[in-house]
Amino acid sequence: MDRRVQRLASRVSIALAAAATLCLVYVFRHTSCFPAPEPLTLSLAPFPRTSCDAASRRVLPPDRRLAKLRSSSRWRRRSASLAASVFPPLRRLGLLAGSSRVLFLAAGAGIAVDALNAAGVTSVTGIDLVDFPPLVRRADPHRLPFPDGAFDLVFSDDPAGFSGALFPSRLAAEAERSVRLGGAIALALERQLDPAAVAALFKRSRVVDIRDVTLDGSQVRLVILQSNGTTLNPLH
């Protein structure tokens with residue numbers, strides 16, 4: 001008799017435990033604060049070449065993006081400043097002409113490239129660490145992908161392009177390598193920089209002009225050097 005009671009009690013306990021488990025599962029499924037997991041999907045996008053390529057952003061076609069930038073007041077103001085303050089002294093010194101081959105360093109979106117094209121110079125190349133088609137291609141100013149003497153003028157209108165360079169002496173050497181003998185290097189610099197210290201980095205060029213100019217409402221110092229193979233510098 002006792003054995004029958006024990007077996008019955010055991011079966012009742014198992015049944016109650018099963019019922020309690022089912023109740024807990026039901027409550028958890030219908031009252032949990034955690035959302036149901038979404039189905040797993042795999043991205044079919046190609047693996048990016050760089051971290052910049054992986055950034056998700058809306059991309060306009062290059063021509064539409066350039067047209068939009070050209071219509072901005074800053075673009076027009078900067079272009080007018082270059083045409084009025086920077087290009088004329090280079091022309092007067094005989095260092096810039098319509099046939100000149102010009103390289104722009106730290107070209108950004110390409111305002112200076114566009115302005116020089118508008119001034120009648122057709123062979124203009126703009127480079128920066130980030131490309132900006134159709135005016136600017138990607139290249140490292142410390143290791144320019146151009147042969148020796150490929151350009152008549154190497155120019156930077158961005159003061160941060162030189163003062164912010166990781167290795168200014170290397171940048172100077174690459175600029176001198178890329179410009180032909182008798183060609184020019186023109187740099188817009190922050191006014192607090194000593195022109196003599198900057199010119200000392202250019203071992204094969206001499207300073208031919210220094211002047212203060214206004215670019216987009218800001219005063220900068222324009223230093224123009226000419227490549228002639230000498231290590232002498234009139235500022236020393």
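When reading the values below, keep in mind they use all heavy atoms of this one structure, side chains included, and skip hydrogens, waters and symmetry mates.
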Quiz item: Got a salt bridge between D63 and R65, using NZ or NE/NH1/NH2 to carboxylate O under 4.0 Å?
Solution: no
Self-check item: Worked check of side-chain contact (heavy atoms from CB on, under 4.5 Å) between L222 and V86
Solution: CA-CA 8 Å; L222 182 65; V86 177; 4.2 Å; yes
Exercise. Provide the full list of side chain to side chain donor-acceptor pair (under 3.5 Å) pairs with a residue in residues 81-95, sequence neighbours left out, each pair given once.
Key: none
Quiz prompt | Pairing of D152 and R180 as salt bridge, 4.0 angstrom limit | solution = yes
Practice problem: Mind telling me whether F167 and H142 have parallel, tilted or perpendicular rings, with 30° and 60° as the class edges? | Solution: perpendicular
Quiz item: Backbone N or O of F202 within a donor-acceptor pair of the S205 side chain at under 3.5 Å?
Solution: no
Practice problem: Give the intermediate values and the outcome of side-chain contact (heavy atoms from CB on, under 4.5 Å) for residues L96 and V102. | Solution: CA-CA 9 Å; L96 178 64; V102 182; 4.0 Å; yes
Quiz prompt | Value rounded to 0.5 Å, distance of CG in D216 from CZ in R78 | solution = 5.5 Å
Quiz item: For L90 and A186, which heavy atoms make the closest approach, and how far apart are they?
Solution: CD2-CB, 4.1 Å
Practice problem: Would you mind reporting whether R138 and L129 have side-chain heavy atoms less than 4.5 Å apart? | Solution: no
Practice problem: Kindly say whether E174 contributes a backbone atom to a donor-acceptor pair with the side chain of R143 at under 3.5 angstrom? | Solution: no
Quiz item: Residues two or more places apart in sequence or in another chain: which of them pass salt bridge (Lys or Arg N to Asp or Glu O under 4.0 Å) with R137?
Solution: none
Exercise. Side-chain contact test, heavy atoms from C-beta onward, threshold under 4.5 Å: evaluate it for L171 versus L105 and give yes or no.
Key: yes
Quiz item: Please walk me through it: do L82 and L215 pass side-chain contact (heavy atoms from CB on, under 4.5 Å)?
Solution: CA-CA 7 Å; L82 289 166; L215 288 180; 3.9 Å; yes
Quiz item: Could you state the interatomic distance from CZ (R204) to CG (N228), rounded to the nearest 0.5 Å?
Solution: 10.5 Å
Practice problem: Could you pull out the closest heavy-atom pair between A112 and F104, with the gap in Å? | Solution: CB-CE2, 3.5 Å
Quiz prompt | Non-hydrogen atoms of I185 and L153 that approach each other most closely | solution = N-CD1, 4.3 Å
Quiz item: Can you check whether P133's main-chain N or O pairs, donor with acceptor, with D131's side chain at less than 3.5 Å?
Solution: no
Exercise. For L189 and P159, work out which heavy atoms get closest and say how close.
Key: C-CB, 4.0 Å
Practice problem: Without swapping roles, check the side chain of Q226 against the backbone of A184 for a donor-acceptor pair under 3.5 Å. | Solution: no
Exercise. Calculate, to the nearest 0.5 Å, the distance between atoms CG and CZ belonging to L187 and R221 respectively.
Key: 13.5 Å
Quiz item: What closest approach, in Å, do L193 and S163 show between heavy atoms, and which atom pair accounts for it?
Solution: CD1-CB, 4.1 Å
Practice problem: Kindly indicate whether the side chain of V213, heavy atoms from C-beta on, has any atom under 4.5 Å from the side chain of V220. | Solution: yes
Exercise. Take R70 and D114 through the side-chain contact (heavy atoms from CB on, under 4.5 Å) test and state the conclusion after the steps.
Key: CA-CA 9 Å; R70 278 174 173 161; D114 195 51; 2.5 Å; yes
Quiz item: Counting distance only, does the side-chain N/O of D148 pair as donor-acceptor with the main-chain N or O of S178 below 3.5 Å?
Solution: no
Practice problem: Give a yes or no on whether the backbone of A150 and the side-chain of R101 come within a donor-acceptor separation of less than 3.5 Å. | Solution: yes
Self-check item: Check: L66 and W75 side chains under 4.5 Å, non-hydrogen atoms
Solution: yes
Self-check item: Shortest non-hydrogen separation from A106 to D128 and the atoms involved
Solution: C-OD2, 3.4 Å
Quiz item: Between the side chain of S79 and the main-chain N/O of R76, is any donor-acceptor distance below 3.5 Å?
Solution: no
Quiz item: Is any side-chain heavy atom of V198 closer than 4.5 Å to a side-chain heavy atom of V223?
Solution: no
Quiz prompt | Pair E176-S227, side-chain donor/acceptor within less than 3.5 Å | solution = no
Quiz item: How long is the span from the CZ atom in F151 to the OG atom in S123, to the nearest 0.5 Å?
Solution: 7.5 Å
Self-check item: Beyond-backbone contact of L95 with F155, side-chain heavy atoms, under 4.5 angstrom
Solution: no
